[in-house]
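Here's the structure, in structure tokens; my notes come after.
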Amino acid sequence: MIITMKHHCLLLLSLILVSYATRSEGAPGGWEPIKDVKEQHVVEIAVYAVSEYDKRSGAKLKLVSVLKGETQVVAGTNYRLVLKTKGGSATTNYEAVVWEKPWLNFKNLTSFKPLPA
Ligand SMILES: *[C@@H]1O[C@H](CO)[C@@H](O)[C@H](O)[C@H]1NC(C)=O
């Protein structure tokens, strides 16, 4: 019984160590691709980015879709998303960077720039 417990602890410990080692192999603060850009939270970040850009610039862009994105863990999470937007009849892709600290309910649009078509 005790031996089994010990084994479980060791197994758990080595699993933690392995996953930690695997994680730290990637560059610290590196960007990880978002697997599902249709995920509700990613879309919320994108909607926020476009509406915040509109508010700041007076543009009237609308989000069409999130084409791709990456996240970076930095005292919260940076989302770098490629967004397809529509302003009038023009469709433009933008790269938006949103910094989120969910535990403070804080979001900020730190970058929003057009991408070459
Ligand atoms: C949000 O980001 C903008 C642009 O980087 C910056 O000027 C502004 O101070 C930031 N706002 C907050 C509340 O951090």
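Worth saying up front: this structure is predicted, and the values here are computed from it rather than measured. Remember, it's 1-based here, ligands and their atoms both numbered in the order they're listed.
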> Less than 4.0 Å between atom 9 (O) of ligand 1 and some protein heavy atom, yes or no?
Replying inline: no

>> Given Tyr79, which partner from the list Lys107, Glu70, Glu100, Gln72 fulfils the side-chain contact (heavy atoms from CB on, under 4.5 Å) test?
In response: Glu100

> Quick one: side chain to side chain contact (heavy atoms under 4.5 Å, CB included) partners of Ser89, sequence neighbours excluded?
Replying inline: none

>> Minimum heavy-atom separation for Ala49 and Leu109, please, with both atom names.
In response: O-CD2, 3.5 Å

>> Just to be sure I read this right, does ligand 1 sit under 4.0 Å from the backbone of Phe106, its side chain, both, or neither, counting only heavy atoms?
In response: side chain

> To which protein heavy atom is atom 3 (C) of ligand 1 closest, and what is the distance rounded to 0.1 Å?
Replying inline: Asn108 ND2, 3.6 Å

> At what distance is the nearest protein heavy atom to atom 4 (C) of ligand 1, and which residue and atom is it?
Replying inline: Leu109 O, 4.0 Å

> Angle class for the Phe106/Trp99 ring planes (parallel below 30°, perpendicular above 60°, tilted otherwise)?
Replying inline: perpendicular

